[in-house]
Structure formats: structure tokens, C-alpha cells
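Positions are given from 1 along the sequence.
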Amino acid sequence: MAGEAGGPEIAWGVMRDGVGLCADVYRPGVGRGPWPVLLARTPYGRRDPGVLARLEPGGAAGRGFVVVVQDVRGRGDSGGVWEPLVGEGADGYDTVRWAARLPGADGRVVMYGPSYLGHTQWAALGARPPELVAAVPEFTWAEPRDGLVARGGAAERGLLAQWTLGLGHEVLSRAHAADPAARARALDELARAREGLDAGDWDPQALRALPLPGRPGGPPLPAVPADHRALPATPTLTVAGWYDAFLQGSLDNYTAARAAGHPAALIVGPWTHDDQAGRTPGYDFGPAADAAALDGGPSLRARTLTWLRAVLDGAPPAGPPVLVHVMGAGEWRALDGWPPPARPTAWYLRAGGPLSTAPPHAGEEPGRFRHDPADPVPTRGGALLLTAAYPAGPHDQRAVEARGDVLVHTSAPLAAPLEVMGRIRAVLAVAADAGPADWVVRLCDVAPDGTSRVLADGVLRTAAAGEREVAVDLWSTAHLFRTGHAVRLHVAASSHPRWDVAGPPGTRTVFRDAARASRLVLPVTAGAV
């Protein structure tokens, strides 16, 4: 090991195939140890300011951990070739075993970190290194085909394009290291492609030269454990955000671990993937939502370190294992588990635009709109991860809802508060005169002033024309509709650039009669309906 004065030590872990992976090691400033190891594995650069701000390795070392921040294979100063999602199980296993033997380590390793860093934790857990005793996966997916590379059969074009291009500089620099002229051309094309995203080119030629997960000929998607009972019973604390692109994957990881009988805890805030301050453009959830002082108390990072220390000491924190922010109520709620008990309640789409708990009558007219792939419905807010021009969050949908190719249904103003917590789905009787066809559905809270803020959304792609019933998964939320507010559902055939646009021009039909009752199903925990 070697390091700069006052900085972290540099250490190299050698993997089973002889490839060396580079890491920074932060040590407690006082005491002689030994200490447990807190490990993070990142493709974004172990000294990237954004990575360091999220991980706070110096502060964690001060809490009594040997902190290791490692560049994954093919990234930063590590050797090998970068293939997204490939090899994180084997490399995670080897790295955990190596980190447990570092000078000053007590032989126990815990992992932490968000997004791809969370994926590396689940991959390592699946490989079962004996020294890995706890993990804090944050803002990460479970099944990559549900939120990372696709959703409901529609490709996550926007997410994959911006993520892959964002990582492309290092990929191309390595690939053309022996040819400076070729390197310059490739990087220039990459820069133009990144600038072109917000101009509307979400499938640039530059993507062809980069490792795009899930693309034919690209890196393979890893196998997902069919049952968490196949994983070791390692304690996990999952952190998620209601407006994170990987929200449901995080919740699924928690519920699967708990169903398998593993120690599991969960924190969910009104956060996006990139920001946990509780503020998005045009909306502020209030100071209690800020992860820097969660619910007016310790920061999110301090809470995770406290949880890890308690697990290491053999005494997990007392009290309910789940803490969620209930939007609309503006409060945090401690729960015994997720989802909490709820009453599935159907809200029916009625002819003319109402959304009602009263079922439709026979003969009620369907709703119809035209889909034009040359003029797709624009993405605005929601649980997503795109460029800065398309921020995530509870953005006002009125401009989208005013389009002729968006079918809108709204309840009467509520006479009493309505609390919804859990998984949401829309069961629609539909028809398309041409396929494939996408059914994009959003749930919104409409304020008395008319503002329509998105709470949850989803998409389902049907392959062929014809009539059928579809169930669109809107993922989950925890939200209180206040008295005087209204529940709104809208249906469209596209959301560009979030999902790739499907099908030729054609008519989309949503039936609303007694025999073909289209409905929104909400998990109601409190309030009259």
C-alpha cells in the first residue's frame, strides 16, 4: 500500500483471473483496531466528487470502519475490460475476501452505496463470501428488466442512453489508447452524442461502440435469484426513493429478503435517484424530508452507519424496521413491514372522464385517441433517471393532459382524506388497431388549484393488434390525498424519451362499460372512499 500524506492509501486486490482492481483505503484516525471493513465498489471513479459526497468515506472511517472504495473491473485505475453488470458476483466475492485480510481489518466486511454500487452488493451476496456480514443497498434494481433496461416490455431508452454515454469517455479512451487520432474522433463523436440527447437524438451512432446492457450482442444480463432463500441470511438495510427509477426493485429486494426470513430493514423517502434533499424543480417536501437531517434527526448516512454498527455488535436497532415518508401528509411513518395492510379499492374509468368507485353501466362509451409515433407524448416527471432537462419528481402534468392523445379521468374532490400505501395497478380493457402498442398510465394528485402532480406511473407493451385486458404495474407509493384534492388517472400510448416509442400510427381504445370495466386499483390504508 502507498498513499499521499493525509489522503487514503492505495491498495490493489488481485482477482481470481489475475486482474488487479484498485481501491482507496480510509482508516480511523484514532485507535489501533482491528476494525470491520466498509466496502463500496463503483464504476464512476473512486475519487469522483459525487461518489465521495454520497459515501462520505472519511466520516465513516471516523465511526470506526476501515473504508474501502474500489474501482470495478475496467473502470478508473482497475485492470480488465468494462462490461456492465458482468462479473460483479465473482469480483465481489474475491474483493470481500481480500478486504477482510487488509491490515487492521477484523475479518468482517459490510457493503454500502447507491445505484450500481447497490447492484454490486446483491451480486456479492449471491456469491456468498463468508466474510460479508451486512449490506446497505441503496436506490438499486432487483430484476434488470423491470426498471433498468426495460419496463413492462418497453425499452428504457432514455435511462440506458444517458447512462451508457456518460460512462463512454473512459471506455473509448481505453479502446483507442494506441491510436490517438482514432481516440480523438471517437471522443468527439461521443461529445456530440451527449449534447444531442436533449435535442431529440436518443439513439445516436456513438452508442453502437459502447457496452449497452441488454442489447443484442451487448453484455449479457445477470441471472436474478428466483428466490432470496437461495441467498445467505445476511442483514440488509434497503434505502429507496418514491421518485427513483429503481424504486420497485428496491422494495422487491426488501420484501423478498423479509419473505425469506432474513433480517431486513427499509427506509423510503420522497427522493429522486440523484437527490435526497426532498426538493425537486417546482416542489419542496419540506425540511424533514432532507436526508441531511432525516425527520429533523441524524442524517441518512449516520443512520445507516448506526444500523451497521448495531448489526456488527449483534444488537440490531430496536423498534419498527421500516421508515417511510408519507407524501401529502408530510410525515415519516414507522411500520412493522412493507407493504402495510391495505384494502384494495377499485376506481372505475367512466364515460365522459369521471373516475369513480361506482362501477360503470352497460353501454357506457369507450375512450379513444390517436397514437402518432412521430409526435409522442413527452415525458414529464415521475420515477425516472434521464438528463437534467427531464428531472424526476412530482411535476405538474397539465400540459401533458391537455394533449388530444392522452385520456384523462378525474374523481370528484374528496370529502375526506384518502391514504394510499403499497403497490398500484391499472386493469384496463383495451384495443389497438395496430401493434405493438404501449399503454402508459399515470396516477396523479389534483390540487384545488388544478395542479396535477404525478405520484406513480407504468407501462405495458402488447405485441399485436386486437382487444384484450391488460394489468399495468404502476409500482408503489405512500401518499395522502387531502380533503378537496382529486384522484386522477391518465392513459397514453407513449412517454418520450423515457421509453422507446412503439407501433405505427393508430387508434387506441379504452373500454368503460359494465362488461369491460377499466379500473385503477389503489391500496387504501385510511380514509373514506
Are Leu197 and Trp202 packed together at the side-chain level, in the sense that at least one heavy-atom pair is separated by less than 4.5 angstrom?
yes

Checking the side chain of His169 only, and the main-chain atoms of Gly166 only, is there a donor and an acceptor separated by less than 3.5 Å?
no

Would you call the rings of Phe246 and His273 parallel, tilted or perpendicular, taking 30° and 60° as the class edges?
perpendicular

Under 4.5 Å between any side-chain heavy atoms of Arg498 and Glu156, yes or no?
yes

Do the side chains of Cys444 and Arg453 get nearer than 4.5 Å, heavy atoms only?
no

Mark yes or no for whether Glu83, through its side chain, and Pro219, through its backbone, hold a donor-acceptor pair below 3.5 Å.
no

Can any side-chain N or O of Thr345 pair as donor or acceptor with the backbone N or O of Arg343 at less than 3.5 Å?
yes

Of His409, Gln397, Glu401, the residue whose pairing with Arg488 passes side chain to side chain donor-acceptor pair (under 3.5 Å)
Glu401

Side chains of Asp274 and Thr272: do they bring a donor and an acceptor to under 3.5 Å?
no

Give me the ring orientation class for Tyr116 and Trp82: parallel if the planes are under 30° apart, tilted from 30 to 60°, perpendicular past 60°.
tilted

Cation-pi check for Trp499 against Arg461: NZ or CZ below 6.0 Å from the six-membered ring centre and within 45 degrees of the axis, yes or no?
no

Any heavy-atom pair between the side chains of Val430 and Arg468 that's under 4.5 Å?
yes

